[in-house]
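So the structure is just underneath, and the comments pick up after that.
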Amino acid sequence: MGFAPWRWLLALCLRLLFLVPAGVPVRSGDAGFPKAMDNVTVRQGDSAILRCTVDNRVTRVAWLNRSTILYTGNDKWSIDPRVVLLANTKSQYSIEIQNVDIYDEGPYTCSVQTDNHPKTSRVHLIVQVPPRIVDISSNIAVNEGSNVSLICIATGRPEPVVNWRYLSPKARGFVSEDEYLEITGITREQSGIYECSASNDVSAPDVRRVKLTVNYPPYILDAQNIGAPLGHRGILQCEASAVPAADFFWYKEDKRLSDSWRGVKVENRETVSRVTFLNVSEQDYGNYTCMAKNLLGHSNASIILFGPGAVHDGNSGSPQCPFCAPLLLLLLLLPFSLLLPPAQF
């Protein structure tokens with residue numbers, strides 16, 4: 001009795017060798033042998049069903065993955081709990097592989113024994129993998145004029161197509177149909193959000209975004225001369241664009257304005273600075289300088305606070321001449337002969 005297990009194992013090995021002899025060619029098109037399925041394509045995580053059509057001449061049947069036996073008849077040889085027997089009838093022998101992964105891809109063989117002649121048919125399992133971005137550039141800040149390189153690496157089966165797109169109302173289409181996005185001499189107008197998309201039609205595209213900030217020195221957007229009567233409120237305003245945001249400074253001649261000045265209030269926001277004169281006096285009139293400054297540079301603008309007696313245009317600069325326009329019109333209306341010098345005799 002002690003030799004029974006060895007005899008059983010020996011008999012089983014001989015049976016398997018007889019069932020699936022080495023070197024048996026694939027005969028999926030063999031007339032008289034019902035073949036297995038064509039290639040089976042499934043998505044990662046789904047279940048794959050492998051079917052082998054048989055008839056009443058078949059005496060033994062098995063499913064193999066390369067050289068590994070999965071099932072022989074109703075007996076399970078695979079230790080993988082995901083592999084289950086679906087059907088073992090006179091017409092069909094089918095197994096199911098649940099929660100398919102990449103390592104399940106490859107050839108599977110249905111081997112049958114008919115009239116003591118073993119024959120095989122092979123099916124190839126193809127596993128498709130949804131696209132996934134595995135590496136992408138971090139948010140980045142660069143100075144205007146720099147060269148920028150963004151990268152977006154994705155995996156999947158089939159290999160995904162990677163595109164870069166600039167999310168701007170003025171941008172149209174893709175800015176790069178590649179994993180790499182190269183920008184030479186970047187400008188402030190190219191600052192914003194860049195989107196990487198990886199797609200392979202297996203599932204919805206994988207999408208990630210990168211924020212690209214372009215630093216540049218300040219420049220004054222708006223600075224207008226302001227008129228204010230004595231005893232009233234007067235407000236000087238200066239607006240500037242800069243990244244990073246600018247710090248504002250106000251000067252009258254060589255003196256810097258601050259809230260410590262009597263009757264003066266200075267307010268600074270991200271892009272706008274205001275100087276409020278709560279009760280305009282004669283000493284408040286004059287030329288003021290607004291300076292916007294950040295780490296990359298600075299920009300100045302001259303603004304005049306004037307009283308009712310002076311006439312200024314809306315922009316910084318010198319007062320207007322109130323009589324220039326009427327005088328010019330009078331000169332145009334005079335006869336040309338009056339403008340000529342008297343004749344010499």
Side-chain angles (χ1 to χ4, degrees), residues 37-50 63-68 70 78-84 95-109 122-216 243-244:
M37 305 169 62
D38 293 329
N39 292 345
V40 175
T41 301
V42 295
R43 188 171 62 178
Q44 184 183 37
D46 291 348
S47 295
I49 298 177
L50 307 181
W63 270 107
L64 299 89
N65 177 13
R66 299 179 178 88
S67 59
T68 303
L70 302 178
S78 172
I79 61 173
D80 191 337
R82 301 175 303 128
V83 180
V84 296
I95 63 172
E96 179 183 44
I97 305 174
Q98 301 169 346
N99 193 23
V100 171
D101 210 337
I102 299 173
Y103 52 78
D104 295 316
E105 185 171 281
Y108 289 78
T109 303
R122 180 175 294 179
V123 58
H124 197 90
L125 177 62
I126 301 172
V127 179
Q128 293 185 330
V129 181
R132 186 169 68 92
I133 296 175
V134 295
D135 187 20
I136 190 169
S137 298
S138 303
N139 295 337
I140 185 175
V142 298
N143 293 340
E144 191 171 34
S146 302
N147 297 332
V148 177
S149 178
L150 300 180
I151 185 173
C152 181
I153 304 298
T155 61
R157 291 189 180 190
E159 184 177 353
V161 175
V162 177
N163 290 306
W164 278 102
R165 191 160 63 99
Y166 179 38
L167 300 184
S168 168
K170 297 181 181 179
R172 296 181 179 179
F174 298 109
V175 293
S176 175
E177 297 184 1
D178 193 2
E179 297 174 340
Y180 300 93
L181 172 61
E182 304 286 345
I183 305 176
T184 303
I186 193 167
T187 64
R188 64 193 68 179
E189 290 78 15
Q190 293 172 300
S191 178
I193 304 297
Y194 288 79
E195 181 181 86
C196 174
S197 174
S199 59
N200 63 359
D201 296 329
V202 176
S203 65
D206 191 15
V207 177
R208 302 273 294 276
R209 292 178 177 180
V210 175
K211 182 180 180 181
L212 177 56
T213 302
V214 179
N215 300 323
Y216 57 91
V243 177

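Just so it is clear, the model here is predicted, and its values are computed rather than measured.
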Output all residues satisfying side chain to side chain contact (heavy atoms under 4.5 Å, CB included) with N139, sequence neighbours left out; order by chain, then residue number. V210, K211
Looking at every heavy atom in both V162 and A198, which two are closest together, and how far apart are they? CG2-CB, 4.4 Å
If you round to the nearest 0.5 Å, how far is CG of L150 from CD of E179? 13.0 Å
Suppose the criterion is salt bridge (Lys or Arg N to Asp or Glu O under 4.0 Å): which pairs have a residue in residues 124-153, not counting sequence neighbours? E144-R188
Give the minimum heavy-atom separation between V148 and V142, together with the two atoms involved. CG2-CG2, 3.8 Å
Looking at every non-hydrogen atom in both residues, tell me the closest pair between P81 and Q98 and how far apart they are. O-OE1, 4.5 Å
Compare all side-chain heavy atoms of V129 with those of P158 and state whether any distance is below 4.5 angstrom. no
Side chain N65, main chain Y108, donor-acceptor under 3.5 Å: no
Test salt bridge (Lys or Arg N to Asp or Glu O under 4.0 Å) applied to R43 - qualifying residues, sequence neighbours left out: D46
Rounded to the nearest 0.5 Å, the OG atom of S146 sits from the CG atom of N215 at a distance of 8.5 Å
Spatial distance of atom OG (S191) from atom CG (L212) [nearest 0.5 Å]: 6.0 Å
Inter- and intrachain pairs under side chain to side chain donor-acceptor pair (under 3.5 Å), touching residues 149-163, at least two apart: E105-R157, S149-E182
Distance from I95 atom CD1 to L50 atom CG, nearest 0.5 Å? 5.0 Å
Hey, what do you get for CG (L181) to OH (Y166), rounding to the nearest 0.5 Å? 11.5 Å
Is the number of heavy atoms from other residues, nucleotides or ligands within 6.0 Å of CD1 (I102) greater than 12? yes
What side chain to side chain donor-acceptor pair (under 3.5 Å) pairs are there with at least one residue in residues 193-205, not counting sequence neighbours? R165-E195, E195-R209
Any side-chain heavy-atom pair from I133 and C152 closer than 4.5 angstrom? yes
Give the minimum heavy-atom separation between P107 and R122, together with the two atoms involved. CB-CD, 3.7 Å
Sequence neighbours excluded, the answer for salt bridge (Lys or Arg N to Asp or Glu O under 4.0 Å) partners of D104 is R82
Heavy-atom pair of closest approach, residues V42 and S47: CG1-O, 3.7 Å
Carefully, step by step, assess V243 and T213 under the rule side-chain contact (heavy atoms from CB on, under 4.5 Å). CA-CA 8 Å; V243 177; T213 302; 3.8 Å; yes
I need the W164 CH2 to D178 CG distance, nearest 0.5 Å. 11.0 Å
